[in-house]
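Notes follow the structure.
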Amino acid sequence: MKIFLEAHPPFSLAPVVWSHGWAQLAPFATEDRSGKFSYVFHLSSGKTGEMTIHEIESGVSVEVDDSLSQSEVWEISQNVKWMLGLDQDLSEFYLAARNEPSLAHVEERRQGRILRSPTLFEDVIKTILTTNTLWAATIRMNKNVVDQFGSALAKDPSRHAFPNPEQLAMTSIEILRSSTRLGYRAPYILELAKRVASGDLDLEAYKTTDLPTPELRKHLLGIKGVGSYAAANLLMILGRYDYLPVDSWAMRMVSQEWYQGEPIGRAEVENAFERWGKWKGLAYWFWNWSSN
DNA sequence: GGTAGACCTGGACGC
DNA sequence: GCGTCCAGGTCTACC
């Protein structure tokens with residue numbers, strides 16, 4: 001079965017899929033740089049399956065199993081719309097970017113959307129797994145989480161969906177440390193899974209909340225393992241671009257761009273993009289670094 | 001509010 | 001093969 005979903009123009013699939021590293025993390029799987037990808041899902045009905053997404057003229061086509069019910073198809077459609085930001089209108093950002101040579105490419109390349117997971121729960125865990133480690137270790141830790149706790153795909157049991165909070169909440173810190181190799185992050189991940197599974201924390205409500213961004217940021221910082229970098233990263237995923245995910249790479253890039261390679265701090269990175277206001281995060285994310 | 005040290009893993013390197 | 005060093009953000013204790 002194929003589901004056709006329209007995107008707010010301009011849209012191109014590849015720039016979304018490769019907007020950051022998420023496409024390299026299970027249960028995403030890509031074959032090439034075209035943007036076509038597959039994702040193993042686990043629906044609220046309990047069904048596990050695979051969807052394959054590729055670009056069509058007006059948006060995307062989502063290929064799924066024929067046996068899905070109407071409500072399951074609706075759930076998948078909603079998930080894909082969120083994952084790819086199909087409804088996002090970035091015309092205001094494009095207008096501002098036209099006068100900046102280092103951002104003049106974004107409209108032509110249809111950049112600006114950032115790939116998301118279907119749930120914020122998955123994105124928070126993935127974000128915590130990116131902190132204080134190398135990218136190769138993030139890929140490994142995430143794969144362990146998916147393979148050890150996610151539901152297996154019937155047609156290919158070597159592939160799994162991302163575990164839901166209930167599945168993850170049943171494990172222990174010891175297993176997350178020794179078997180999943182999450183290190184000091186193990187208690188953070190388990191606490192998060194338990195809070196979401198118990199209903200104490202409604203992460204998915206943050207997708208549509210009217211809370212001002214500084215308030216939303218405070219909520220995110222209240223999650224153990226989420227500091228200023230992770231919070232800014234999650235705000236970007238939520239479509240709030242007024243904070244910068246400043247990490248060591250950002251400080252290196254800004255230093256080389258404007259400070260002749262001198263050591264700088266967080267404040268200098270913030271200052272460099274202050275004039276972009278509510279588009280600060282996107283300007284930083286898609287900046288054409290002269291030294292990159 | 002700012003700072004120092006601990007947290008943990010795996011890759012790189014020297015022996 | 002073994003030991004040491006290092007990179008990477010966040011948390012906690014302390015000032």
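Letters A, B, ... are given to chains in the order of the sequence lines, protein chains preceding strands, and every chain is numbered from 1. Being a predicted model, the structure only gives us computed values, none of them experimental. Just so it is clear, the values below take in all heavy atoms, side chains as well, and ignore hydrogens, waters and symmetry mates.
- Applying the salt bridge (charged side-chain N to carboxylate O under 4.0 Å, His left out) rule to Glu270(A) yields the partners Lys280(A); only residues at least two apart in sequence or on another chain are considered.
- The distance from atom CG of Leu129(A) to atom P of dT9(B) is 13 Å, rounded to the nearest whole Å.
- Aromatic pair Trp285(A)/Tyr241(A): centroids not less than 6.0 angstrom apart.
- Closest to the side chain of Arg252(A), from the set dG8(C), dC11(C), dT10(C), is dG8(C).
- Here the nucleotide nearest the side chain of Ser248(A), chosen from dC11(C), dG9(C), dT10(C), is dG9(C).
- A salt bridge links Lys218(A) to Glu215(A): one of the charged nitrogens lies within less than 4.0 Å of a carboxylate oxygen.
- Nucleotide dG10(B) holds its P atom 5 Å from the CZ atom of Arg181(A), rounded to whole Å.
- Nearest nucleotide to the Tyr184(A) side chain, out of dG9(C), dC11(C), dG8(C): dG9(C).
- Note on Ile223(A): only backbone sugar-phosphate atoms sit closer than 4.0 angstrom, heavy atoms only; bases stay farther off.
- Across the protein-nucleic acid pair, Leu182(A) atom CG and dG10(B) atom P stand 10 Å apart, rounded to whole Å.
- Nearest to the side-chain atoms of Lys224(A) among the listed nucleotides dG10(B), dG8(C), dC11(C) stands dC11(C).
- The distance between atom CE of Met141(A) and atom P of dA7(C), rounded to the nearest whole Å, is 18 Å.
- Atom-to-atom, CD1 of Ile139(A) to P of dT9(B) comes out at 18 Å; the value is rounded to the nearest Å.
- In this structure, Ile189(A) atom CD1 and dT10(C) atom P are separated by 13 Å, rounded to whole Å.
- Nucleotide dA7(C) holds its P atom 13 Å from the CE atom of Met251(A), rounded to whole Å.
- Residues Trp276(A) and Phe286(A) place their aromatic rings such that the two centres sit no closer than 6.0 Å.
- Counting any heavy atom pair closer than 4.0 Å across all strands shown, Ala230(A) reaches sugar-phosphate atoms only and no base atom.
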